[in-house]
Amino acid sequence: MMKFILIYGAIQLIVFVGLLIASAKKDRRLDDRQGTVVPSGFISTREVSHDPTTGDLITVYFHPQTGKRFYKLGKE
């Protein structure tokens with residue numbers, strides 16, 4: 001019975017650590033896909049938003065061949 005409890009606890013710990021790692025990697029919102037200089041091949045979309053905390057205007061660009069998006073930052 002004690003062996004079962006230890007195995008169950010170890011599995012729970014592994015799942016918990018796995019979820020922590022996955023959530024840390026997933027929440028990298030704009031990280032390397034943002035900047036002030038738009039890379040070549042990206043075209044502007046009509047998506048524009050305003051970040052109320054920083055005052056930045058964010059314009060979305062799209063690369064038609066790769067499907068990637070780029071977020072251009074700029075002050076209003």
Side-chain angles (χ1 to χ4, degrees):
M1 184 68 172
M2 187 65 153
K3 185 177 179 181
F4 174 75
I5 293 173
L6 290 175
I7 291 173
Y8 180 76
I11 290 172
Q12 293 295 315
L13 183 62
I14 290 170
V15 169
F16 179 71
V17 170
L19 288 173
L20 282 177
I21 292 170
S23 66
K25 287 188 177 194
K26 183 179 179 185
D27 197 22
R28 309 231 185 240
R29 299 177 196 239
L30 298 177
D31 58 7
D32 60 343
R33 299 174 302 170
Q34 69 180 9
T36 55
V37 178
V38 180
S40 63
F42 283 81
I43 57 173
S44 179
T45 66
R46 295 190 332 196
E47 295 178 61
V48 178
S49 62
H50 180 265
D51 185 350
T53 59
T54 63
D56 285 343
L57 192 64
I58 301 172
T59 307
V60 180
Y61 289 79
F62 174 74
H63 195 287
Q65 281 125 4
T66 63
K68 292 185 178 182
R69 295 164 66 89
F70 178 80
Y71 303 93
K72 181 182 178 194
L73 303 175
K75 283 280 189 193
E76 280 191 313

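If you're wondering where the values come from, they're calculated on a predicted model, not measured in any experiment.
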Which pairs would a plain distance check flag for residues 60-68, meaning a side-chain donor or acceptor within less than 3.5 Å of a matching protein atom at least two apart in sequence or in another chain?
from  : atom 1 : to    : atom 2 : distance (Å)
His63 : ND1    : Gln65 : N      : 3.3
His63 : ND1    : Thr66 : N      : 3.4
His63 : ND1    : Thr66 : OG1    : 3.4
Thr66 : OG1    : Lys68 : N      : 3.3

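- Every residue two or more places apart in sequence or in another chain was checked for a side-chain contact (heavy atoms from CB on, under 4.5 Å) with Val37, and none qualifies.
- Every pair passing salt bridge (charged side-chain N to carboxylate O under 4.0 Å, His left out) that includes a residue from residues 35-48 is listed here, sequence neighbours excluded: Glu47-Arg69.
- Its side chain within the 4.5 Å cluster rule, Leu20 clusters with Phe16 among the Ile, Leu, Val, Met, Phe, Trp and Tyr residues.
- Residues Tyr71 and Ile43 are members of separate hydrophobic clusters, defined by side-chain heavy-atom contacts under 4.5 angstrom among Ile, Leu, Val, Met, Phe, Trp and Tyr.
- For Ile7, the side-chain contact (heavy atoms from CB on, under 4.5 Å) test picks out Lys3, Ile11, with sequence neighbours left out.
- Closest heavy-atom contact between Gly35 and Phe70: N-CZ, 3.5 Å.
- Here the NZ-CD1 distance, from Lys72 to Ile58, works out to 12.5 Å after rounding to the nearest 0.5 Å.
- Each of Val38, Val48, Thr45 was checked for a side chain to side chain contact (heavy atoms under 4.5 Å, CB included) with Thr59, and the lone residue meeting it is Val48.
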